[in-house]
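Working notes, structure below.
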2 protein chains.
Amino acid sequence: MKTVVHTTPLENLKEKILSYTLVDDEVLKEQLQSYQKLNLKKGDTLVIPGQLVQHFYYVVTGCIYYYKLDEGAQNVLEFYTDDVFFTDLPAYVKETPSNYYLKASEDTIVYAIKKTDAENSFKKSHQLERFGRLSMQEAFIKSFTRIERLNSRTNEERYLRLLKKRPDLFQRVPQYLIASYLGLTPVGLSKLRKRLGKS
Amino acid sequence: MKTVVHTTPLENLKEKILSYTLVDDEVLKEQLQSYQKLNLKKGDTLVIPGQLVQHFYYVVTGCIYYYKLDEGAQNVLEFYTDDVFFTDLPAYVKETPSNYYLKASEDTIVYAIKKTDAENSFKKSHQLERFGRLSMQEAFIKSFTRIERLNSRTNEERYLRLLKKRPDLFQRVPQYLIASYLGLTPVGLSKLRKRLGKS
DNA sequence: GAATCTCATTAAACTGGTTTAATAAAAGTG
DNA sequence: CACTTTTATTAAACCAGTTTAATGAGATTC
């Protein structure tokens, strides 16, 4: 009989928060109670265009992709996978209808916290406010590296970089979504791959 | 004789901070004392590659552009103009040498706060921590809209959008930097403009 | 005010993408 | 298993950008 160290999803979230800054146990406990667990099936959506975005999310396992439709074409901005926070921030902050989809590309477990709860906790606790600042800072830096890549690399470099940095994506997400993320058409990515394969 | 309401640069900064959240007067006063005023001439740099980035900055007037060199070519990521906070965040946060330049494209006044001072103030004051979080959130959203544009628009749309949103840039910054910001060569931008002019 | 720099435009040849459409292969589904 | 749906590849025609190099037009400097 095997002894398994069982990590609950909520413990993942707790560890994640503590990775940013120290938070007293009672405060953290109360904060964690504000999160609601959601089990999403492949294809389920958290947000669709026109909706208000009243939650902040955390992916425990699975993959959420963030995209919009431009003249019928999916346009992928980001993939959120294991142990990251996300939401549609512009809509969340401004409380205006979203222009985006947040959709599970596979079965996915997320925790959701209501904006009002999140804001109250920031107001009540300096420590959680700090966690908020630092996680936002991290998100900003990630977003910055995205800009860096979009701006400065050729498609080929971006493809190779993604292949190296997030190889799991190529297993779990269809290639046409990756093409979109790289700013290519599926045809374009296919040609690029062919070109590389030959050399 | 004219009566002029004179706004000092420091008052700009004060207003900016208060635009995010309430901060008690004494706390704010102390915070403002941590900022050092810098008068930059056109071409002066705040950061060059290889340097550590130990300050957070605020542009009062003027324009700082944020770029790196890729095989000799300037690659512009952002222009920071009046009343915005900025720094080279990845280098600032990780305390690793910068890969970028921060350079004045015209005579520019900035305020600078040392990282240690900034961090202390966040630690001491929940209100300033909150200011930190909200300003970071705003920066993230701006960066996000940049990704949105880089990712989803054609060069033509991006050009027209920039022309509309930040017409001042076209007056104060050479066109080849704008081309770089749009992800084009100077030649490419020139052709694009020609094409548009004709139609 | 002549000489020098800096910046924008144009031309020509080239290229890595696009679109559209057909085909092939793989993955669900009853 | 056969059927349908989804995803990836290929081909062909096209185009918006690239590079390189020459020219032009404004600023700057002495």
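By convention in this document, chain letters (A, B, ...) are assigned in the order of the sequence lines, proteins followed by strands, and residues within each chain are numbered from 1.
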Minimum-distance nucleotide to A:Ser190 side chain [options: D:dA16, D:dT10, C:dG16]: D:dT10
Separation of D:dA8 P from A:Leu192 CG (nearest whole Å): 15 Å
Phosphate OP1/OP2 of C:dG17 contacted by A:Asn155 side-chain N/O (<4.0 Å): yes
Any B:Arg193 side-chain N or O less than 4.0 Å from OP1/OP2 of C:dA8: no
Pair A:Tyr92-B:Gln137, side-chain donor/acceptor within less than 3.5 Å: no
Out of D:dA16, D:dA8, C:dA8, whichever nucleotide has its closest atom nearest the side chain of B:Pro174: C:dA8
Estimated bend of the helix from C:dG1-D:dC30 to C:dG30-D:dC1 (axis per five terminal pairs, rounded to 10 degrees): 50°
A:Phe79 ring center near A:Tyr181 ring center (under 6.0 Å): yes
Side-chain donor-acceptor contact under 3.5 Å, B:Thr81 with B:Arg166: yes
Charged N-O contact under 4.0 Å between B:Glu78 and B:Lys142: no
Candidates C:dA8, D:dA11, C:dT10 - which lies nearest the side chain of B:Lys194: C:dT10
Minimum-distance nucleotide (side-chain atoms of B:Tyr176 versus C:dC7, C:dG28, C:dG16): C:dC7
Sub-6.0 Å ring centroid separation between A:Tyr101 and A:Tyr67: yes
Of the listed nucleotides D:dT9, C:dT18, C:dT9, the one nearest the side chain of A:Leu184: C:dT18
Options C:dG17, D:dT18, D:dT9, nucleotide nearest the side-chain atoms of B:Lys191: D:dT18
